[in-house]
**Student:** 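Before I ask anything, let me first share the structure, which is written out below as structure tokens.
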Amino acid sequence: MRPVIFCLFSAVLIYTVTGKFCDESQCKRPSCVCDTQGSPEGLRVEDTPQFVMLTFDDAVNVVNFPDYEELLMNGRKNLRSNCPIQATFFVSHEYTDYSLVHELWRYNNDICVHSISHLPSTEYWKNANQTIWEEELGGMRKIISKFANIPESDIVGVRAPFLQTAGDVTFGVMKSLDFHYDSSMPTRQKANPPLWPYTMDYGYQQDCQITPCPTKNYKSFFIVPMVNYFRKLEIAPGHFLDIPCAMADACLPLPETEDETFQYLRENFERHYSTNRAPFPLFLHQAWFSNPERKKGYFKFVDWLLQKDDVFIVTIREALEFVRNPQPLDNYKQVCKSPKQSTCVSNQCTYSKTPLNGPRNMKCCGTCPANYPWLWNVEGN
Ligand SMILES: *[C@@H]1O[C@H](CO)[C@@H](O)[C@H](O)[C@H]1NC(C)=O
Ligand SMILES: [Zn+2]
């Protein structure tokens with residue numbers, strides 16, 4: 001049994017690292033950051049703040065918002081800075097309630113783009129041309145800005161649906177539309193020790209897990225690698241296999257108890273915390289909390305992290321600020337942000353006819369557009 005499993009897994013591992021060598025004497029922070037599995041600027045591990053990046057994908061609405069509220073608007077604070085913890089949201093359009101996106105934003109969470117259509121076809125995303133990617137990403141930024149009342153300049157991150165980019169087509173669009181970072185690219189080869197975020201001045205520096213991967217250089221544009229998680233699977237008594245996954249909720253079998261969930265998250269965290277303290281990804285869909293035990297395990301893990309005075313739960317954007325300008329823990333001063341006043345007067349909009357199958361509702365800030373916003377008509381005129 002065991003050899004068969006091993007063959008199966010090695011057959012799907014295709015390792016190609018395409019980037020050119022990043023020359024540290026040319027590539028200088030803050031605008032250019034070389035890839036590293038070491039320490040930034042020679043920081044000692046124990047002097048490096050450990051950042052934790054919580055992210056959630058897809059629509060934001062009344063189904064999942066209560067969990068976000070419980071996690072992020074309930075007084076949880078980083079121990080050393082006493083700043084509220086924050087998360088990053090990759091938002092897709094359908095079923096999103098933009099008045100709730102505004103709430104997340106005013107609590108200083110990072111709101112990012114995850115496409116308009118989120119069409120469930122990896123072929124579509126792989127083959128989409130420049131025009132389509134511009135509409136899906138730039139259009140979604142416009143939709144969020146207009147209907148959640150958030151400045152476009154405040155929406156700087158992207159995650160591709162199903163992590164399926166079209167390689168240089170997608171990266172060219174992200175760069176030309178002035179997004180600042182992508183977080184769609186998994187790495188398995190550079191998971192131990194984990195890879196730090198880097199800019200693409202010298203190209204893509206990871207294994208290509210989902211083809212195509214970018215081959216060109218993109219000045220000052222960050223990749224926040226999806227450093228793989230590993231889940232221990234017992235294949236025979238005392239024999240374990242490490243099952244890798246790009247997002248914490250994709251590793252199977254799913255942890256089912258509070259303790260199993262806590263241990264799973266903690267083991268993966270230790271691979272960062274005890275090696276080079278590369279920012280730790282905790283990338284999920286809220287549906288992972290559908291098992292109440294699993295949700296408890298997650299919250300237990302977050303609260304365990306918050307007892308450490310060298311751990312900071314921050315947005316991806318804030319982790320990147322540090323990567324641009326690394327400092328020893330004792331010099332690092334997190335600037336706390338308090339919630340902004342709401343500027344959202346919300347309306348429930350209903351559409352009996354949409355470009356989709358059937359009617360849709362959309363809650364948004366401000367007046368309802370005449371039509372359901374969608375590709376090629378993002379303002380809903
Ligand atoms: C992309 O494809 C669409 C339709 O599939 C077409 O209308 C458009 O002109 C194409 N754009 C480019 C840049 O090729
Ligand atoms: Zn998604």
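When a ligand or atom number is given, it counts from 1 through the structure's own listing order. Worth knowing before you read on, the calculation uses all heavy atoms, side chains too, and leaves out hydrogens, waters and symmetry mates.
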**Student:** Looking at atom 11 (N) of ligand 1, is any protein heavy atom nearer than 4.0 Å to it?
**Tutor:** yes

**Student:** Rounded to the nearest 10°, what angle sits at the Zn ion (ligand 2) between NE2 of His118 and OD1 of Asp58?
**Tutor:** 100°

**Student:** I need the nearest protein heavy-atom contact for atom 5 (O) of ligand 1: residue, atom name and distance, please.
**Tutor:** Ile132 CD1, 4.3 Å

**Student:** Looking at atom 7 (O) of ligand 1, would you say a protein heavy atom lies below 4.0 Å from it?
**Tutor:** no

**Student:** Taking only Lys NZ, Arg NE, NH1 and NH2, and the carboxylate oxygens of Asp or Glu, determine whether Lys296 and Asp259 approach each other closer than 4.0 Å.
**Tutor:** no

**Student:** Is the distance from the Zn ion (ligand 2) to some N, O or S atom of His285 under 2.8 Å?
**Tutor:** no

**Student:** Below 2.8 Å, can you find an N, O or S atom of Asp57 next to the Zn ion (ligand 2)?
**Tutor:** no

**Student:** For the pair Lys300 and Glu293, find out whether any cationic side-chain nitrogen is under 4.0 Å from an anionic carboxylate oxygen.
**Tutor:** no

**Student:** With no hydrogens and no angle check, do the side chains of Arg277 and Ser39 hold a donor and an acceptor under 3.5 Å apart?
**Tutor:** no

**Student:** Please state which option from Asn129, Thr131, Asn127 has its nearest heavy atom closest to atom 13 (C) of ligand 1.
**Tutor:** Thr131

**Student:** Shorter than 2.5 angstrom, is that how the SG atoms of Cys32 and Cys27 come out?
**Tutor:** yes

**Student:** Could you walk me through whether Arg80 and Asp309 pass the salt bridge (charged side-chain N to carboxylate O under 4.0 Å, His left out) test, one step at a time?
**Tutor:** CA-CA 5 Å; Arg80 184 179 280 250; Asp309 88 334; 3.3 Å; yes

**Student:** Taking only Lys NZ, Arg NE, NH1 and NH2, and the carboxylate oxygens of Asp or Glu, determine whether Lys142 and Glu379 approach each other closer than 4.0 Å.
**Tutor:** no

